[in-house]
Number of protein chains: 2
Amino acid sequence: MRVAVVEDDLSIVNLLKRVLIKEGFSVREFSTAERFLSAVFDYGEKFDAVILDLMLPGINGVEACRFLRERGSDVPVLMLTALSEEDDKVKGLDSGADDYLTKPFGIRELLARLRALLRRRGKVSFTPEPFGIVITDVGALVDGKEVKLTGRERELLKVLLENRGKVVSKEELLQKVWKGEAVSKRVVDVHVKHLRDKIGDRIETVWGVGYRLVERTPE
Amino acid sequence: MRVAVVEDDLSIVNLLKRVLIKEGFSVREFSTAERFLSAVFDYGEKFDAVILDLMLPGINGVEACRFLRERGSDVPVLMLTALSEEDDKVKGLDSGADDYLTKPFGIRELLARLRALLRRRGKVSFTPEPFGIVITDVGALVDGKEVKLTGRERELLKVLLENRGKVVSKEELLQKVWKGEAVSKRVVDVHVKHLRDKIGDRIETVWGVGYRLVERTPE
DNA sequence: ATAACATCTTAACAGTTCCTTAAGGTTTTT
DNA sequence: AAAAACCTTAAGGAACTGTTAAGATGTTAT
């Protein structure tokens, strides 16, 4: 799975390279949009996705994206936007980009959004975000879709996700989510139920022990 | 998308050229109204929009605009006026200009107004301002429409816009808009309500946390 | 200077969302 | 089959937000 990273900030490039390679993508980096476009149109390089910075020297992200679309490319584009204080800098999102992310961003959210784009284009990401779940500030991204969660639900999912694949006992959940508040053990059940309703049957009951986050609903 | 810039101040011409070209417009510059009108009526040049300075040597912006309209042209005209010429604004609009902007102006505001004009004429703006909102000195442009805001409302919207798509906690809003003044937390709610009344339901409540500016009302 | 107006904050009440508990039903274990 | 653990649903209350209005303060017009 080839990903082009078009970005002039070296620290971001290096971060992305490290993470993406670790996740099994092959990464090609470009410091300017011109070089990237040249690679695509002059040398016929193909990419499964493009991570494109909005502010670039010379041709910027918006123009580059428009250029791609005008020439019929439907490669998924994830736009990175910085929120600069300067008002005279032109910021904009081209309608041709598929998604955007504001710097500074969380790596896991970036990966989740990238995979969601690939999935939408019918390309299966072979190293999916563990369990396709990322905690966000409003709840969670589940298979690229935003799901709103309440405070408790979010915390509960967070603990389960941190221990994904492993069984978490009710005692541990009570301790980590309810911080030793004096509540009935049954609250866990209720919130698990609500979580299941929202994110689908990904929480497995391990009888007599606790709960476990699983990849998919096992039959 | 062709834009004519009729302006004798070179520094402004160069700024506009740079920005507009970067935004994908093709720009034709004229230092006098005579040359511009000649291009239109003698040589039949067509433009999708005209940015017209009010004070020009020879024929001025008002006269040029009236000339255009008298001859049946309905090209969108954005008039540039200097602060000292405030009184002439009315004249400018009377002559058939579609919108005006006072120098010195913000580039983002100019682009937003230009796009609003194009949109009104059924020409699609291909690089929409993110979330269709631009902060101006009197309030904000929302989908190209001028909305007057009070000081607090404006600051509040500004902070939300800077964090668009992300949740901003009430604490952060209090800190950034109210700079640590000793006020009740509820002032935020009240101003959010007022903002919603003015700009439409674009502010989403994240229960127990804060608010978030969203693209459209998610019903 | 005074009146008219705009803005900001607080307060109060109404409405909503969230959390917990309780109760009855279901499944699993013994 | 009985007991234990879990599922499901609903209700009450707590916490939070929405809405409105009034008073305080500042600003502009007469």
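Atom set for the values below is all heavy atoms of this structure, side chains included, hydrogens, waters and symmetry mates excluded. Below, chain A is the first sequence line, B the second, and so on; all start at residue 1.
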[X] [atom1] to [N] [atom2]: how many Å, rounded?
{"X": "B:Glu171", "N": "D:dC16", "atom1": "CD", "atom2": "C1'", "result": "12 Å"}
{"X": "B:Leu149", "N": "C:dC8", "atom1": "CG", "atom2": "P", "result": "10 Å"}
{"X": "B:Leu195", "N": "D:dG18", "atom1": "CG", "atom2": "P", "result": "12 Å"}
{"X": "B:Lys148", "N": "D:dT27", "atom1": "NZ", "atom2": "C1'", "result": "12 Å"}
{"X": "A:Asp201", "N": "D:dT8", "atom1": "CG", "atom2": "P", "result": "8 Å"}
{"X": "B:Leu174", "N": "C:dC8", "atom1": "CG", "atom2": "C1'", "result": "14 Å"}
{"X": "A:Asp197", "N": "C:dT17", "atom1": "CG", "atom2": "C1'", "result": "16 Å"}

> Around B:Lys198, counting heavy atoms of other residues, nucleotides and ligands shown, do more than 12 lie under 6.0 Å from its NZ?
Replying inline: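 Result for NZ/B:Lys198: enclosed.
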
> Where does the angle between the aromatic ring planes of B:Phe36 and B:Phe47 fall among parallel (under 30°), tilted (30 to 60°) and perpendicular (over 60°)?
Replying inline: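 B:Phe36 vs B:Phe47 ring planes: tilted.
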
>> To check you understand the geometry: which heavy-atom pair defines the closest contact between B:Arg69 and B:Ser73, and what is its length?
In response: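 Scanning both residues, the minimum pair turns out to be NH1-O, 2.9 Å.
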
>> Can a donor-acceptor pair be found, under 3.5 Å and without considering hydrogens, that links the side chain of B:Glu155 to the backbone of B:Arg152?
In response: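 No: the side chain of B:Glu155 does not pair with the backbone of B:Arg152.
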
> Any donor-acceptor pair under 3.5 Å linking the side chain of B:Glu70 with the backbone of B:Phe67?
Replying inline: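 No.
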
Please determine if a side-chain N or O atom of [X] lies less than 4.0 Å away from the OP1 or OP2 oxygen of [N].
{"X": "A:Tyr211", "N": "D:dC7", "result": "yes"}
{"X": "B:Thr150", "N": "C:dA6", "result": "no"}
{"X": "B:Thr205", "N": "D:dG18", "result": "yes"}
{"X": "A:Lys170", "N": "D:dC6", "result": "yes"}

> What distance do A:Leu54 atom CG and A:Leu101 atom CG have between them, rounded to the nearest 0.5 Å?
Replying inline: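 If I round to the nearest 0.5 Å, the distance is 12.5 Å.
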
>> If you assign each of B:Arg196 and A:Arg196 to its closest nucleotide in DNA chain D, which residue comes earlier from the 5' end?
In response: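 Taking each residue's closest nucleotide, the earlier one in sequence belongs to A:Arg196.
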
> With a 4.0 Å cut-off on heavy atoms, is B:Arg154 in touch with a base, just the backbone sugar-phosphate, or nothing at all?
Replying inline: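 Nothing: the residue B:Arg154, judged by heavy atoms under 4.0 Å, touches no strand.
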
>> Please pick, from D:dT8, D:dC6, D:dT19, the nucleotide with the shortest atom-to-atom distance to any side-chain atom of B:Asp189.
In response: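 The closest nucleotide is D:dT19.
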
>> Can you build the contact string for nucleotides 20-30 of chain C? Use B for base contact, S for sugar-phosphate-only contact, and - for no protein heavy atom under 4.0 Å.
In response: BB------SS-

>> Closer than 4.0 angstrom, basic N to acidic O: yes or no for B:Lys166 and A:Glu109?
In response: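 Salt bridge between B:Lys166 and A:Glu109, a charged N being under 4.0 Å from a carboxylate O: no.
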
